[in-house]
Amino acid sequence: MAPVAARSMMRRFFARSATMAEHVYIDRIADHVGQEVLIKGWLYNRRSSKKMRFLQLRDGTGFIQAVAAAGEIPEAKFELADRLPQESSIIVRGIVRKEERAPFCGHELGLIDFDVVSESADYPISKKDHGDAFLMDNRHLWLRSYKQHTILRVRATIIKAIRDYFDDHGFVLVDSPIFTPAACEGTSTLFETRYFEQKAFLSQSGQLYQEAACMALAKTYCFGPTFRAEKSKTRRHLTEFWMVEPEVAYLDLDGDMDLAEDFLVYVVGRALEKHGAEIRERLERDIKPLENVHKPFPRISYDDAVSRIARIRDQATDPEIRQSLALEPEDDFGSPHETELTKRFDRPLMVHRYPAAVKAFYMKRDPDNRSRALCVDVLAPEGYGEIIGGGQREDSLEALLAEIDRHGLPQSAFTWFLDLRRYGSVPHAGFGLGLERTVAWICGLHHLRETIPFARTMDRLAP
RNA sequence: UCCCCAGUAGCUCAAUCGGCAGAGCGGGUGGCUGUUAACCACUAGGUUGGCGGUUCAAGUCCGUCCUGGGGAGCCA
């Protein structure tokens, strides 16, 4: 329907109202018990019998049921309420009352009248089960459903909590660029694009720029989208995801771990404070493990972790598990190692001092053991895996030059980065937290694609 | 790049050893006690992902390609 037609219909509707009912949002409905109100939304579902009509409505802030018995609303509307298609947009007038029998929110609306703003065609997402591929093809509509609606609101709260934490702890937001001239880490595959007459790449990390920023502003962070062209087809990978990356001058590895720990406790706490009930009831996630997220987190070294994994492997009887937990000396962990390790802890696990050989060129080596890097991974419990990677950065010019050579990277690409070690270099550290993995963990979701409004994966660029 | 699984009605799935392609939901029609993924009856709806092969006969077996899903590697 054209907007003009919709407006004139709304004017007619309001003109008919004897009393000028107030438009309220469903999330504030409990404040209006006994009052006549307007709900502006969509028809989520309907049921009917000969003498009753039940319209389940959603308005973007929540879900509520409207009820009418025969004779309580105009007869034509009573008929219409039995055949109006799912997801038609409607404006409903009714009286708010408490009602324990009603689904969703413990309140319902006694219908007085309603008008259709736009009648829906056949809505593709039905009330029964659908497959993942179908739902992702219809992601633009799937967002309207009960669970997805909740997840997006939790995601928004987590983003706000992340910003609030850093803003309230003396960090300055310094946005890193998205177009970059070369690989930041030289490991991951980058998306290549044209930048006028030259090649450019989409950023896979804002960290190197944060190292420059923290030398100017002491404590900085960036928070934005990140792009990885890796051909990873798993539920833990997206090609476009959001990452927050704090960086602090004069911070060492222990301080970095303190920061990551304090930050995670805050973010989980904020999510539970605002959405704990919804996460438990709507997403059906057991929130006890989240309520366990207090300081201190266990901190174990890579070498300690290796011997723990070896013990777990020795105790395993299943040959497949034994095979998957095999580990060569100095190897990085794979998903099976992380999963088995985190199962033994009731809160996020910090693993520090991995072999320098498996880490990026900018990691500072441990002066007590030059084969180890001053880095840390934070592994979420319940099999959610790595949500934070970080550590102390190499601050010596000579050592950094040697690492760039050892990794086969062109020095010319890092001229400005090396300048940071020429002009008043100091110890500094930081980390990156993957937003979608954090949302998946807090919401208890199986797959990352539900944690972001429109997921980009190896095989999906639409909708 | 490699390994595994799947593709049948708009959607979710079934079809025994290779032997007449079916059900639920959704749509339509009618009924119905405050329904909770409401329920009941009737009804329409199919080139079984594409191509090729084996066979009297292929949704089913073989080859190949496409699409999707899961995992490895890599990573947040």
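Because the structure is a prediction, the values reported are computed rather than measured. Chain letters run A, B, ... following the sequence lines, proteins first, then strands; residues in each count from 1.
Residue contacts shown for A:Ser324 are absent, as no nucleic acid heavy atom lies under 4.0 Å away. Using a 4.0 Å heavy-atom distance criterion, A:Met52 is classed as a base contact. Residue contacts for A:Arg449: at a heavy-atom cut-off of 4.0 Å it reaches the sugar-phosphate backbone alone, with no base atom in range. Within the nucleic acid shown, A:Leu238 comes within 4.0 Å of at least one base atom, counting heavy atoms only. Counting non-hydrogen atoms under 4.0 angstrom, A:Phe134 reaches the backbone sugars and phosphates but no base. As judged by a 4.0 angstrom heavy-atom cut-off over every strand, A:Pro103 is placed among the base-contacting residues. At the heavy-atom level, A:Asn45 lies under 4.0 Å from the strands shown only through sugar-phosphate atoms. Among the protein residues, A:Gln65 comes within range of the nucleic acid bases, having at least one heavy atom under 4.0 Å from a base atom. Heavy atoms of A:Leu433 sit nowhere under 4.0 angstrom from any nucleic acid atom. Within 4.0 Å (heavy atoms only), A:Asp459 reaches sugar-phosphate atoms of the nucleic acid but no base atom. Backbone-only contact: A:His447 has heavy atoms under 4.0 Å from sugar-phosphate atoms and none from a base.
Under a 4.0 Å N-O distance rule, the pair A:Glu330/A:Arg372 qualifies as a salt bridge. Under the 4.0 Å criterion applied to side-chain N and carboxylate O atoms, A:Arg93 and A:Asp115 are not assigned as salt-bridge partners. A salt bridge is absent between A:Arg163 and A:Asp167; no separation between the charged side-chain nitrogens and carboxylate oxygens falls under 4.0 Å.
For A:Arg228, no side-chain nitrogen or oxygen approaches OP1 or OP2 of B:G73 to under 4.0 Å. Not one side-chain nitrogen or oxygen of A:Lys233 sits closer than 4.0 Å to the OP1 or OP2 atom of B:G70. The side chain of A:Ser335 places an N or O atom within less than 4.0 Å of a non-bridging phosphate oxygen (OP1 or OP2) of B:A72. Contact annotation: A:Arg235 side-chain N/O to B:G71 OP1/OP2 distance is under 4.0 Å.
One atom, CG of A:Leu141, and another, C1' of B:C11, lie 14 Å apart when rounded to the nearest Å. Between the CG atom of A:Leu435 and the C1' atom of B:A76 there is a distance of 10 Å, given to the nearest Å. The interatomic distance linking A:Met458 (CE) with B:G69 (C1') rounds to 12 Å, in whole Å. A:Tyr123 has its OH atom 13 Å from the C1' atom of B:C11, to the nearest Å. A straight line from CG of A:Asn138 to P of B:G68 spans 15 Å, rounded to a whole angstrom. Rounded to an integer number of Å, the gap from CZ of A:Arg47 to C1' of B:C32 is 15 Å. Rounding to whole angstrom units, CZ of residue A:Phe54 and P of B:C32 are separated by 16 Å. Per the geometry, CG belonging to A:Leu448 stands 12 Å off C1' belonging to B:C75, to the nearest Å.
Both thresholds, 5.5 Å between centres and 30° between ring planes, are met by A:Phe241 relative to the base of B:A76, so the two rings are stacked.
With sequence neighbours excluded, the residues satisfying side-chain contact (heavy atoms from CB on, under 4.5 Å) with A:Arg456 are A:Thr239, A:Glu240, A:Phe454, A:Leu461.
For the pair A:Asp122 and A:Glu99, nearest-nucleotide mapping onto RNA chain B gives the more 5' position to A:Asp122. Each of A:Pro85 and A:Arg53 was matched to the nucleotide of RNA chain B holding its nearest heavy atom; the match closer to the 5' end belongs to A:Pro85.
In the set B:G34, B:G68, B:C75, B:G68 carries the atom at the smallest distance from any side-chain atom of A:Arg460. Proximity note for A:Arg236 (side chain, C-beta onward) versus B:C75, B:U35, B:A72: the nearest is B:A72. Checking B:G34, B:C32, B:A72 against the side-chain heavy atoms of A:Pro336 singles out B:A72 as nearest. Across B:A76, B:C32, B:U35, the shortest atom-to-atom separation from the side chain of A:Arg101 is found for B:U35.
Side chain A:Ser232 to base B:G73: a donor-acceptor pair is found below 3.5 Å. Taking 3.5 Å as the limit, the base of B:G34 and the side chain of A:Glu108 contain a donor-acceptor pair of atoms between them. For A:His130 against B:C11, a side-chain-to-base donor-acceptor contact under 3.5 Å is absent.
With both ends at atom C1', the span from B:U33 to B:G27 equals 27 Å, rounded to whole Å. Straight-line distance between the P atoms of B:G18 and B:C62: roughly 10 Å, to the nearest whole Å. The gap from the C1' atom of B:G22 to that of B:U60 amounts to 15 Å, rounded to the nearest Å. The separation of B:C39 from B:G45, taken at their P atoms, amounts to 24 Å, rounded to a whole angstrom. To the nearest whole angstrom, the two C1' atoms, one in B:A23 and one in B:C4, are 30 Å apart. Separation of the P atoms belonging to B:C2 and B:C61 is 24 Å when rounded to the nearest angstrom. With C1' as the reference atom, B:C25 and B:U64 are 36 Å apart, rounded to whole Å. For the P atom pair drawn from B:G71 and B:U35, the interatomic distance equals 42 Å after rounding to whole Å.
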Stepwise side chain to side chain contact (heavy atoms under 4.5 Å, CB included) check, A:Leu264 with A:Phe297: CA-CA 10 Å; A:Leu264 267 184; A:Phe297 296 172; 3.9 Å; yes
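Relative orientation of the A:Phe333 and A:Tyr302 rings is parallel, given thresholds of 30° and 60° on the angle between their planes. Using bins of under 30°, 30° to 60° and over 60° for the plane-to-plane angle, the ring pair A:Phe417/A:Phe361 lands in the perpendicular bin. Using the six-membered ring where Trp is involved, A:Tyr266 and A:Tyr165 have ring planes that are tilted, between 30° and 60° apart.
As the counterpart of B:C42, B:G28 is assigned, both hydrogen-bonding distances of the Watson-Crick or G-U wobble pattern falling under 3.5 Å. The pairing partner recorded for B:C75 is none, the criterion being a Watson-Crick or G-U wobble arrangement whose two distances lie under 3.5 angstrom. With a cut-off of 3.5 Å on both pairing distances, B:A37 has no Watson-Crick or G-U wobble partner at all. Remark: B:G68 base-pairs with B:C5; criterion is Watson-Crick or G-U wobble with both hydrogen-bond distances under 3.5 Å.
The number of heavy-atom neighbours closer than 6.0 Å to CZ of A:Phe191, taken from other residues, nucleotides and ligands shown, is above 12.
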